[in-house]
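Reading through the structure tokens given below for one structure.
Only this structure's heavy atoms are used, side chains among them; waters, hydrogens and symmetry mates stay out.
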Amino acid sequence: MLRLHPFRYHRPDTIEEAASLLAEFGADAMPIAGGTDLMPNMKHRLFTPAHVVSLNGIDAMRGIGFNAAGDRLRIGALEKLADVASHPVVRRHCPGLAEAAGLVAGPQLRNMGTIGGNVCLDTRCTYYNQTEFWRAALGYCLKKDGTVCHVTRVGRKCVAAHSADTPPNLIALGASLSLTGPGGTREIDAGDFFVTDGILNTRRAPDEIVTEVVIPITNGRHRSSYMKLRQRNSIDFPLLSVAIAGEFEDDGTVAGLTGVVSALGARPRVLAGWTEIAAGKRLGSRVIEALAERAWSQCRPLENIIVDAEWRRAMVPVFVKRALEGLDGK
């Protein structure tokens, strides 16, 4: 049986109090919301914080609704993934995000896990997400306690895979994230939040908390979709994920198109050149084929997941086509 190590549990009532606790205990503290990722990682001794700061008592981090102007949709970081997936406003204006939230793990975990936790999900790798005994037998890895990345065979950079479902959609939708720490609150574009370092793949400081997600709502001609490849559709992390958001003219032609792929590297990747291919055209078979080919040429999966990397790459155009065909407003 995998047991948790001893730690002290804190339950603050405000964002400021939580940030203060994280700053006070420094590297010995970690925040927790749903705990669906952190708790298993603690049992595997991937994290051993002496202090765990619960965010669940902070009402200011809840709620889904528009701002006064009606052009920005706010989702509190503590909103459960199941609630994001089923919320009528999210389903109407951000169907790709609703689909992604509804595909995270299984129903029990979606009823516990939060969108903020999913945004901050730790990267995953074949050589990292194992028990302490297994990792010790291998000599550990660059991400935790070792000096060599067993994927690339060198020790310069960790390439553990970004495996969260909602961030690719937030990037495609042009969303921003609000972070609060002892120094105050700042806002960062979702596309700038992630970095290529598999050890710490976000720009969130250890004493900062992601408090909310804000998505711009432009008009009724905005459409989005999401597709996920995994071994078991009932629960598994993605082997490949594809998020697409598009703006359409009144006649159904493309005004702008953004595609984001993930689970291939340490951060989601925005596919280049899509608007140039599709702008002013309808999403017919030739345009979709060209977009899928462009996506395939840009993706090079690594062997950081126990599935053949070349097969995962071959699935890129397949899932890009399905996601494009899933867009309304063509």
Side-chain angles (χ1 to χ4, degrees), residues 37 96 99-100 103-105 118-119 121-130 135 138 141-144 146 148-172 190-191 193-202 225-233 235-245 258-274 277 288-326:
D37 188 57
E99 180 73 10
L103 290 176
V104 175
N118 195 247
V119 167
L121 187 76
D122 191 30
T123 55
R124 303 185 65 80
C125 181
T126 299
Y127 301 98
Y128 171 71
N129 295 95
Q130 305 287 350
R135 291 181 291 109
L138 187 68
C141 73
L142 187 63
K143 183 170 168 67
K144 176 65 175 175
V148 175
C149 173
H150 298 291
V151 176
T152 62
R153 310 301 181 189
V154 294
R156 292 187 295 272
K157 190 174 184 180
C158 172
V159 295
H162 180 272
S163 301
D165 289 279
T166 59
N169 296 272
L170 297 176
I171 294 171
F193 183 65
F194 301 96
V195 298
T196 58
D197 181 1
I199 297 176
L200 294 172
N201 76 322
T202 76
S225 64
Y226 179 70
M227 293 296 300
K228 175 179 181 177
L229 171 67
R230 51 183 170 176
Q231 290 170 293
R232 296 172 297 180
N233 285 332
I235 195 167
D236 279 341
F237 286 96
L239 305 173
L240 163 71
S241 59
V242 180
I244 298 176
T258 302
V260 181
V261 295
S262 193
L264 305 181
R267 70 172 178 180
R269 176 171 183 167
V270 178
L271 297 167
W274 268 31
I277 292 175
I288 289 177
E289 190 69 36
L291 292 169
E293 178 65 25
R294 176 65 65 90
W296 179 84
S297 69
Q298 296 177 48
C299 296
R300 297 287 191 281
L302 298 170
E303 294 182 354
N304 48 12
I305 299 175
I306 307 179
V307 174
D308 181 71
E310 285 304 311
W311 179 77
R312 290 168 68 204
R313 188 185 185 204
M315 291 298 101
V316 170
V318 175
F319 276 71
V320 165
K321 289 177 185 177
R322 292 178 183 177
L324 286 166
E325 291 166 354

Would you check, one step at a time, whether the test side chain to side chain contact (heavy atoms under 4.5 Å, CB included) holds for Val260 with Val242? CA-CA 6 Å; Val260 181; Val242 180; over 6 Å; no

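- A pairwise comparison of heavy atoms in Ala266 and Thr123 identifies O-CG2, 4.0 Å as the closest pair.
- Taken to the nearest 0.5 Å, the CG atom of Leu271 stands 10.0 Å off from the CD1 atom of Ile277.
- Listed by chain and number, the residues in a side-chain hydrogen bond (donor to acceptor under 3.5 Å, both in side chains) with Asp122 are Tyr128, Lys143 (sequence neighbours excluded).
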Verify side chain to side chain contact (heavy atoms under 4.5 Å, CB included) between Leu264 and Arg269, making sure each step is shown before the conclusion. CA-CA 9 Å; Leu264 305 181; Arg269 176 171 183 167; over 6 Å; no

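- Distance check: Arg232 CZ to Phe237 CZ gives 11.0 Å after rounding to the nearest 0.5 Å.
- Taking OG of Ser225 as the reference point, atom CZ of Arg322 lies at 12.5 Å (rounded to 0.5 Å).
- Between Thr258 and Trp274 the shortest side-chain heavy-atom distance does not fall below 4.5 Å.
- The main-chain N or O of Asp236 is found under 3.5 Å from a side-chain atom of Arg230 such that the two form a donor-acceptor pair.
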Quick one: side chains of residues 306-315, donor-acceptor pairs under 3.5 Å with protein atoms, not counting sequence neighbours, listed by atom name and distance.
| residue | atom | partner | partner atom | Å |
| --- | --- | --- | --- | --- |
| Asp308 | OD2 | Glu310 | N | 3.2 |
| Asp308 | OD2 | Trp311 | N | 2.8 |
| Arg312 | NE | Leu239 | O | 3.1 |
| Arg312 | NH1 | Leu302 | O | 2.9 |
| Arg312 | NH2 | Leu239 | O | 3.1 |
| Arg312 | NH2 | Ala263 | O | 2.5 |
| Arg313 | NE | Trp296 | O | 3.4 |
| Arg313 | NE | Cys299 | O | 2.9 |
| Arg313 | NH2 | Trp296 | O | 3.2 |

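- In this structure the side chain of Leu324 reaches within 4.5 angstrom of the side chain of Leu291, judged on heavy atoms.
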List the steps and the verdict of side chain to side chain contact (heavy atoms under 4.5 Å, CB included) for Leu170 and Phe193. CA-CA 11 Å; Leu170 297 176; Phe193 183 65; over 6 Å; no

I'd like to know whether Cys125 forms a side chain to side chain contact (heavy atoms under 4.5 Å, CB included) with Val151, so could you lay out the CA-CA distance, the side-chain angles of the two residues, the decisive distance to 0.1 Å, and finally the verdict. CA-CA 9 Å; Cys125 181; Val151 176; 3.8 Å; yes

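- The minimum heavy-atom distance linking Val270 with Gln298 is given by the pair O-OE1, 4.3 Å.
- In terms of heavy atoms, Leu142 sits closest to Cys158 at CD2-N, 3.5 Å.
- With a 6.0 Å cutoff to the six-membered ring centre and a 45° limit on the axis angle, Arg135 does not count as a cation-pi contact of Tyr127.
- Tested against Lys157, the residues Thr196, Ile199, Asp197, Thr152 include a single side-chain contact (heavy atoms from CB on, under 4.5 Å) partner, Thr196.
- A donor-acceptor distance shorter than 3.5 angstrom exists from the side chain of Ser297 to the backbone of Arg294, with no hydrogens or angles considered.
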Please list, one pair per line, the donor and acceptor atoms closer than 3.5 Å that link side chains of residues 159-167 to other protein atoms, with sequence neighbours excluded.
| residue | atom | partner | partner atom | Å |
| --- | --- | --- | --- | --- |
| His162 | ND1 | Ser262 | OG | 2.9 |
| Ser163 | OG | Ala161 | O | 3.2 |
| Asp165 | OD1 | Tyr226 | OH | 2.5 |
| Asp165 | OD1 | Lys228 | NZ | 3.3 |
| Asp165 | OD2 | Lys228 | NZ | 3.1 |
| Thr166 | OG1 | Asn118 | OD1 | 2.7 |

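- Between Ala172 and Ala243 the shortest heavy-atom distance is CB-O, 4.3 Å.
- Between Val154 and Val148 the shortest side-chain heavy-atom distance does not fall below 4.5 Å.
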